[in-house]
Amino acid sequence: MDAKDMLRELYYSKWDQLSSAMRPIVEGNNYSIKPTNPLLLWPCLEDDEYDKADIRVMILGQETNNWYGTFNPNADKNEEIERIFEFYNEFFNVDQSYRSHFWNGFNLFRRMLDKKFPYKNIRYAWNNVVKIGKASQKGFPPDYIYNIEQTYFRVLDNEINILKPHIILFLTGPNYDNCIKDKLGEIHFKQISPFTSREIAELDINGVNFAFRTYHPNYLYRQGKGVISQFFQTIIDKIVL
């Protein structure tokens with residue numbers, strides 16, 4: 001069973017309970033903010049392409065903004081999961097034309113890492129710490145959505161175990177450190193000199209060679225020309241594979 005099959009199995013196992021818990025929020029008039037669909041990972045176009053890579057990298061942002069519309073708790077599970085898979089596939093594996101500070105930063109890190117390891121086959125997976133955001137809106141979801149995700153769709157640790165990344169980069173900023181702990185347990189954020197632990201931190205994650213957390217690219221790009229490259233180079237210099 002390859003990574004795609006294991007991810008499908010993981011999401012299928014969570015879907016019924018997630019749908020039941022989300023139904024009152026989606027259908028109720030007392031909730032002005034509705035949940036978007038969960039971010040379901042579908043790494044690479046070809047079977048085994050990600051699994052067989054020399055270096056596997058997972059880069060995480062904060063949360064999705066209106067990912068494929070409002071969550072539908074009454075949809076056919078098989079059809080809905082496959083549709084969301086295909087949406088991720090088209091967005092990340094096929095199109096790759098979306099431009100924002102986050103994606104500019106993602107692609108900059110990818111170019112810099114590829115340059116360091118020119119003879120390695122490197123494959124990337126995009127993920128978010130918060131898997132279910134706000135439909136038609138940006139920003140962190142309200143507690144009534146986040147708590148349901150935590151109870152019924154806490155899958156980040158499973159995704160890491162399935163995808164087995166050698167490198168994880170959280171482009172989330174220090175304000176999401178508690179969310180990372182919510183998903184992965186008691187994680188320690190160690191300073192990398194000459195930066196503070198708020199600026200760049202190294203994390204110990206079981207089974208992962210190197211894991212780091214730094215600011216969201218939206219913040220880094222606002223600090224001036226070359227700042228984001230300096231931050232990324234400090235991280236890449238720590239990676240020895």
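By convention here, the first residue in the shown sequence is residue 1. Only a predicted model underlies this, so the values are computations on that prediction, with no experimental measurement involved.
- The closest side-chain heavy-atom distance from L10 to M6 is not below 4.5 Å.
- Under the 3.5 Å distance criterion, with hydrogens and angles disregarded, no donor-acceptor pair is assigned to the side chains of Q137 and K34.
- A 6.0 Å sphere centred on OH of Y152 holds no more than 12 heavy atoms belonging to other residues, nucleotides or ligands.
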> Could you walk me through whether D204 and K190 pass the salt bridge (Lys or Arg N to Asp or Glu O under 4.0 Å) check?
Replying inline: CA-CA 9 Å; D204 286 325; K190 300 182 296 184; 3.5 Å; yes
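- By the neighbour-count criterion of 12 heavy atoms within 6.0 Å, atom CG of D76 is densely surrounded, having more than that number from other residues, nucleotides or ligands.
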> Could you go step by step and tell me if W126 and F109 meet the ring pair (Phe, Tyr, Trp, His ring centres under 6.0 Å) rule?
Replying inline: CA-CA 13 Å; W126 161 56; F109 184 84; over 10 Å; no
> side-chain contact (heavy atoms from CB on, under 4.5 Å) between L113 and I167: does it pass, once the steps are laid out?
Replying inline: CA-CA 11 Å; L113 189 66; I167 302 165; 3.9 Å; yes
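- Proximity of Y146 to I132: side-chain heavy atoms (C-beta onward) are nowhere separated by under 4.5 Å.
- Looking at every heavy atom in both residues, G61 comes nearest to F102 through CA-CE1, 3.6 Å.
- The distance between the ring centers of F92 and W42 does not fall below 6.0 angstrom.
- Looking at residues two or more places apart in sequence or on another chain, you find no salt bridge (charged side-chain N to carboxylate O under 4.0 Å, His left out) involving K116.
- Side-chain contact between I205 and L184 is present, with at least one heavy-atom pair separated by less than 4.5 Å.
- By the 30° and 60° cut-offs, the orientation of the rings of W67 relative to F87 is perpendicular.
- Take H166 and apply the ring-ring contact (aromatic ring centres under 6.0 Å, His included) test, not counting sequence neighbours, and it matches no residue.
- Taking the ring axis of Y68 as reference, the NZ or CZ atom of R83 does not stay both within 45° of it and closer than 6.0 Å to the ring centre.
- Under a cut-off of 6.0 angstrom, the local environment of NZ in K238 is sparse, with at most 12 non-hydrogen atoms contributed by other residues, nucleotides or ligands.
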>> Under the criterion salt bridge (Lys or Arg N to Asp or Glu O under 4.0 Å), I'd like the reasoning laid out for D5 against R8: C-alpha separation, chi angles, the key distance, then a yes or no.
In response: CA-CA 5 Å; D5 290 331; R8 180 186 282 109; 3.2 Å; yes
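- Closest of all the heavy-atom pairs between L60 and T172 is O-CG2, 3.9 Å.
- When only modelled atom types and interatomic distance are considered, D143 and N147 share no side-chain donor-acceptor pair under 3.5 Å.
- If you check the side chains of N128 and Q62, you find no donor sitting under 3.5 Å from an acceptor.
- Proximity of a side-chain donor or acceptor of Y11 to a complementary backbone N or O of L40 within less than 3.5 Å is not detected.
- In the displayed structure, K138 atom NZ is contacted under 6.0 Å by at most 12 heavy atoms of other residues, nucleotides or ligands.
- Ring centroids of W103 and Y124 are separated by 6.0 Å or more, keeping the two rings apart.
- Looking at heavy atoms from C-beta onward, N175 lies in side-chain contact with R198 at the 4.5 angstrom threshold.
- More than 12 heavy atoms of other shown residues, nucleotides or ligands fall within 6.0 angstrom of atom CD in Q233.
- Evaluated for a salt bridge (charged side-chain N to carboxylate O under 4.0 Å, His left out) with E149, the options K183, R154, K131 yield exactly one hit, K183.
- Here the side chains of Y215 and L171 are not in contact, with every heavy-atom distance at 4.5 Å or above.
- The minimum heavy-atom distance between F170 and V129, with the atom names listed, is CD2-CG2, 3.7 Å.
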